[in-house]
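One structure is given below, encoded as structure tokens.
All heavy atoms count here, side chains included; hydrogens, waters and symmetry mates do not.
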Amino acid sequence: LILFSVDLQNIQRKGFCLELLKMQFGVIASKNHPLAKKRELHFSDLNGEMIFIFDDSYARNVEQYLLSDFQKGGIFPGGSKLFHDWKNMELSLALGKGIAITYKFYMPHDSKHLVFLPLILRGELPDTYLSVLWSDPRYSEVAEKLKNIFEQ
């Protein structure tokens, strides 16, 4: 099973786990958005921003967790909007209507209007990894080979 480490808390697991790849966390925004001009982007820079969230399916209750983490850090977004279609969210981002806080993995490679801005985090959120889980010890070698592929 391959999944994000943030989803491990939702799984009753017995067996083995290996981290394959650290997921770069940050902001996707329009190239014209004021945040796109910053050299370093910190969690506090997101205060008052409209936050776009792409479909809860990649991490259960991600919207709830994210907004809770914001409030714990004394940051209050200008609202949030959940999108179930990436193209609709991409269009709204390009128009500068808000920002998406997500992993670089979700940044469209062919986008001419969007930019990925890494967030400089100081303990506000835990690091996230793409992880593999398995239960049969015979698959340990396969998991190591899989990790080697991701490291290349």
Side-chain angles (χ1 to χ4, degrees), residues 1-11 17-134 142-152:
L1 180 64
I2 296 177
L3 71 166
F4 291 135
S5 58
V6 295
D7 285 326
L8 291 175
Q9 63 192 5
N10 299 321
I11 294 177
C17 179
L18 183 65
E19 294 171 345
L20 301 175
L21 175 71
K22 184 175 181 179
M23 301 296 292
Q24 190 174 16
F25 191 68
V27 169
I28 298 175
S30 166
K31 288 182 178 178
N32 298 325
H33 194 284
L35 290 177
K37 296 170 182 64
K38 290 188 163 272
R39 286 184 168 250
E40 284 191 345
L41 195 59
H42 298 271
F43 210 52
S44 59
D45 293 321
L46 307 181
N47 202 30
E49 291 290 337
M50 172 62 77
I51 308 298
F52 293 164
I53 299 168
F54 178 65
D55 196 4
D56 241 5
S57 65
Y58 70 88
R60 278 180 46 198
N61 302 318
V62 70
E63 184 174 18
Q64 174 189 339
Y65 291 134
L66 188 61
L67 295 177
S68 172
D69 286 337
F70 264 79
Q71 291 171 356
K72 286 177 193 171
I75 298 161
F76 299 93
S80 66
K81 181 170 178 158
L82 188 66
F83 286 84
H84 296 288
D85 179 270
W86 174 258
K87 289 295 180 188
N88 287 340
M89 187 171 86
E90 187 176 354
L91 178 61
S92 292
L93 287 167
L95 292 172
K97 303 286 185 186
I99 62 171
I101 301 174
T102 189
Y103 303 105
K104 188 173 184 179
F105 177 82
Y106 288 102
M107 176 70 183
H109 298 291
D110 60 349
S111 179
K112 297 175 181 132
H113 306 288
L114 301 178
V115 64
F116 179 82
L117 308 161
L119 271 170
I120 309 298
L121 296 173
R122 293 190 170 82
E124 293 98 342
L125 296 172
D127 288 335
T128 300
Y129 295 86
L130 189 62
S131 302
V132 62
L133 283 101
W134 69 100
V142 173
E144 284 295 333
K145 287 180 181 179
L146 193 56
K147 182 175 181 164
N148 290 337
I149 290 170
F150 278 93
E151 288 177 345
Q152 293 177 3

*Output the distance between atom OH (Tyr129) and atom CZ (Phe150), rounded to the nearest 0.5 Å.*
15.0 Å

*Starting from the C-alpha separation in whole Å, work towards a yes-or-no answer on side-chain contact (heavy atoms from CB on, under 4.5 Å) for Glu49 and Val27.*
CA-CA 11 Å; Glu49 291 290 337; Val27 169; over 6 Å; no

_Leu91 CG to Leu114 CG distance, which is reported to the nearest 0.5 Å_ = 9.5 Å

*Test log, rule side-chain contact (heavy atoms from CB on, under 4.5 Å), inputs Ile99 and His33*: CA-CA 9 Å; Ile99 62 171; His33 194 284; 3.7 Å; yes

*Considering non-hydrogen atoms only, spot the tightest contact between Leu41 and Pro118 and give its length.*
CB-O, 3.7 Å

_As an exercise, state the distance from CG of Leu119 to CD of Gln24, rounded to the nearest 0.5 Å._
9.5 Å

*Look up atom CZ in Phe76 and atom CD in Gln71, then write down how far apart they are to the nearest 0.5 Å.*
5.5 Å

*So, His42 side chain and Ser44 main chain: donor-acceptor pair closer than 3.5 Å or not?*
no

*For Phe52 and Leu93, which heavy atoms make the closest approach, and how far apart are they?*
CD1-CD2, 3.5 Å

_Distance-minimising heavy-atom pair for Ala143 and Leu18_ = O-CD2, 3.5 Å

*Judged by atom type as modelled, is there a donor-acceptor pair below 3.5 Å linking the side chain of Lys31 to the main-chain atoms of Lys112?*
yes

*Step by step, would you call Ile149 with Leu20 a side-chain contact (heavy atoms from CB on, under 4.5 Å)?*
CA-CA 9 Å; Ile149 290 170; Leu20 301 175; over 6 Å; no

*Enter the distance from Lys97:NZ to Met89:CE here, rounded to the nearest 0.5 Å.*
16.0 Å

_Spatial distance of atom CD1 (Ile101) from atom CD1 (Ile53) [nearest 0.5 Å]_ = 7.5 Å

*Nearest heavy-atom pair of Tyr103 and Phe25: which atoms, and what distance?*
CE2-CD1, 3.5 Å

_Lys/Arg-Asp/Glu bridge criterion (N-O < 4.0 Å) met for Glu144, Lys147_ = no

_Closest non-hydrogen atom pair between Ala94 and Ser30, with its separation_ = O-OG, 3.5 Å

